[in-house]
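Each remark here refers to the structure printed beneath this line.
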Amino acid sequence: MTAVINTLTEVRRLRRRTSSGSGLVLGAIGVIGFLGIWEAVSRLGLVSSRFVPPASEVLVRFGTYVVDKAFWRDAGSTMLSWSLGLLIAVVAGTVLGFLIGSSRFLERFTHSTIEFLRPVPSVALIPLAVLLFGTKIQAGLLLIVYAAFWQVLLQVIYGAKDVDPVADATARSYGLSRFQRIRHVMWPTALPYLMTGIRLAAAVALILAITAELIIGTPGLGKQIAETREGGDITGMYALILATGLIGVAINLVVRFVERRVLVWHTSVRMEAVG
């Protein structure tokens with residue numbers, strides 16, 4: 001029996017390695033294909049190189065940015081506003097989500113307000129942010145927190161409402177306090193929803209961080225993108241856009257890694273590992 005279990009475990013490991021390796025290969029082929037099409041479109045004159053420079057030139061410029069301290073200073077400013085805004089949104093969304101999701105009265109009381117405020121685009125708050133904070137980092141944080149907050153809040157509310165009533169009734173019958181029920185019953189149920197909300201909020205927060213820097217002029221990569229465009233350095237502009245895309249990919253990979261670690265006990269992660 002032990003030998004059979006060991007064999008099955010080894011087969012699963014081989015499957016995971018094969019799947020991971022094939023995914024990396026296909027991903028690399030997709031990136032190379034995209035860059036090749038980009039290069040051909042510009043070189044063949046299908047689109048003016050004045051507006052879409054060849055991919056090779058953009059990559060060379062990106063390489064020069066990588067060794068430039070000013071680039072990393074701007075990237076650090078972007079990541080600072082992103083991380084602060086995401087942290088505030090996650091904490092506020094988690095706390096309020098548990099409070100609202102665990103109370104039918106609060107859910108009914110706040111439903112209309114949430115449905116009214118949630119669809120308001122964060123960019124519509126730009127005039128307010130400028131009036132309140134000018135071009136300071138707080139202006140960007142206002143947009144980031146507003147956009148990312150709803151991603152977390154709604155997911156946590158759904159997670160808190162998804163608690164098995166039988167499990168909750170059993171916990172009550174054993175005399176568990178409200179805090180204990182939240183810790184042992186509600187929290188494990190809502191945690192997958194929370195992680196999904198964080199993953200969505202992380203992407204939204206980066207988008208709004210760049211948007212604030214582009215439009216308001218808060219320090220960061222977005223501001224540099226606007227300045228290179230205004231200065232006619234289109235190649236530099238595309239290189240900075242490429243940098244923001246790579247940051248987005250890195251953030252997604254990190255969040256997915258954390259999600260798999262946190263939810264290692266969850267069925268979805270275990271099935272993904274087996275598959």
Side-chain angles (χ1 to χ4, degrees), residues 77-103 106-126 128-129 133 137-163 182 186-216 218 220-222 244-264 266-269 272:
S77 298
T78 298
M79 295 307 297
L80 176 62
S81 59
W82 169 82
S83 58
L84 287 176
L86 181 62
L87 177 62
I88 296 171
V90 169
V91 172
T94 301
V95 173
L96 291 177
F98 272 114
L99 290 175
I100 295 172
S102 60
S103 170
L106 287 177
E107 183 186 356
R108 293 194 297 266
F109 182 75
T110 60
H111 178 76
S112 298
T113 304
I114 291 175
E115 292 304 315
F116 172 75
L117 294 175
R118 182 174 61 89
V120 176
S122 293
V123 292
L125 301 179
I126 289 178
L128 175 62
F133 305 111
I137 187 175
Q138 289 89 335
L141 287 177
L142 175 63
L143 305 183
I144 296 169
V145 172
Y146 187 85
F149 169 76
W150 302 112
Q151 310 296 327
V152 179
L153 177 71
L154 294 177
Q155 289 294 329
V156 175
I157 290 176
Y158 295 149
K161 291 169 56 179
D162 196 38
V163 173
I182 291 175
M186 187 179 296
W187 175 252
T189 302
L191 186 57
Y193 291 86
L194 172 61
M195 294 307 301
T196 299
I198 291 175
R199 178 156 44 86
L200 296 173
V204 171
L206 180 63
I207 293 171
L208 267 299
I210 300 297
T211 301
E213 294 163 2
L214 273 168
I215 300 177
I216 300 177
T218 56
L221 292 176
T244 61
L246 292 176
I247 290 174
V249 171
I251 288 173
N252 182 66
L253 291 175
V254 171
V255 174
R256 291 286 295 180
F257 174 79
V258 173
E259 183 179 20
R260 286 194 295 268
R261 290 291 183 178
V262 172
L263 300 178
V264 67
H266 196 260
T267 305
S268 60
V269 175
E272 181 180 347

Non-hydrogen side-chain atoms of Leu96 and Thr110 separated by less than 4.5 Å:
no
Side chain to side chain, Ile137 and Thr218, heavy atoms closer than 4.5 Å:
no
Just jot down the ring-ring contact (aromatic ring centres under 6.0 Å, His included) partners of Tyr193, sequence neighbours excluded, or say none.
none
For Phe109, ring-ring contact (aromatic ring centres under 6.0 Å, His included) partners two or more places apart:
Phe105
With Glu213, which residues qualify under side-chain hydrogen bond (donor to acceptor under 3.5 Å, both in side chains), at least two apart?
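In terms of side-chain hydrogen bond (donor to acceptor under 3.5 Å, both in side chains), with neighbours along the sequence ignored, Glu213 is linked to Thr78.
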So among Lys161, Glu107, Arg108, which one has a side-chain contact (heavy atoms from CB on, under 4.5 Å) with Ile100?
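Per the side-chain contact (heavy atoms from CB on, under 4.5 Å) rule, the option paired with Ile100 is Glu107, out of Lys161, Glu107, Arg108.
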Let me confirm one number: the [atom1]-[atom2] distance from [X] to [Y], rounded to the nearest 0.5 Å.
X	Y	atom1	atom2	answer
Ile126	Leu142	CD1	CG	10.0 Å
Leu153	Tyr158	CG	OH	9.5 Å
Leu84	Met79	CG	CE	11.0 Å
Ile88	Tyr146	CD1	OH	16.0 Å
Asp162	Gln155	CG	CD	11.0 Å
Ser122	Trp150	OG	CH2	10.0 Å

Tell me the closest heavy-atom pair linking [X] and [Y], and the distance in Å.
X	Y	value
Ala129	Ile216	CB-CD1, 4.3 Å
Val255	Ala202	CG2-CB, 4.1 Å
Leu214	Gly222	CD2-O, 3.2 Å
Ala148	Val204	N-CG1, 4.2 Å
Ala201	Val152	CB-CG2, 3.9 Å
Gly248	Leu206	CA-CD2, 3.5 Å

Could you give all pairs that pass the salt bridge (Lys or Arg N to Asp or Glu O under 4.0 Å) test and reach residues 196-207, with sequence neighbours left out?
Arg199-Glu259
Show me the pairs that pass side-chain hydrogen bond (donor to acceptor under 3.5 Å, both in side chains) and involve residues 80-95, at least two apart or across chains.
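Residue pairs with at least one partner in residues 80-95: there are none.
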Chi angles and distances behind the side chain to side chain contact (heavy atoms under 4.5 Å, CB included) call for Leu86, Ile144
CA-CA 7 Å; Leu86 181 62; Ile144 296 169; 5.6 Å; no
Partner set under side-chain contact (heavy atoms from CB on, under 4.5 Å) for Ile207, not counting sequence neighbours
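Partners of Ile207 under the side-chain contact (heavy atoms from CB on, under 4.5 Å) test: Thr211.
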Kindly determine whether Leu143 and Val123 satisfy side chain to side chain contact (heavy atoms under 4.5 Å, CB included), including the steps that lead there.
CA-CA 7 Å; Leu143 305 183; Val123 292; 5.9 Å; no
Go through Ile198 and Val258 one step at a time and tell me if the side chain to side chain contact (heavy atoms under 4.5 Å, CB included) criterion holds.
CA-CA 11 Å; Ile198 291 175; Val258 173; over 6 Å; no
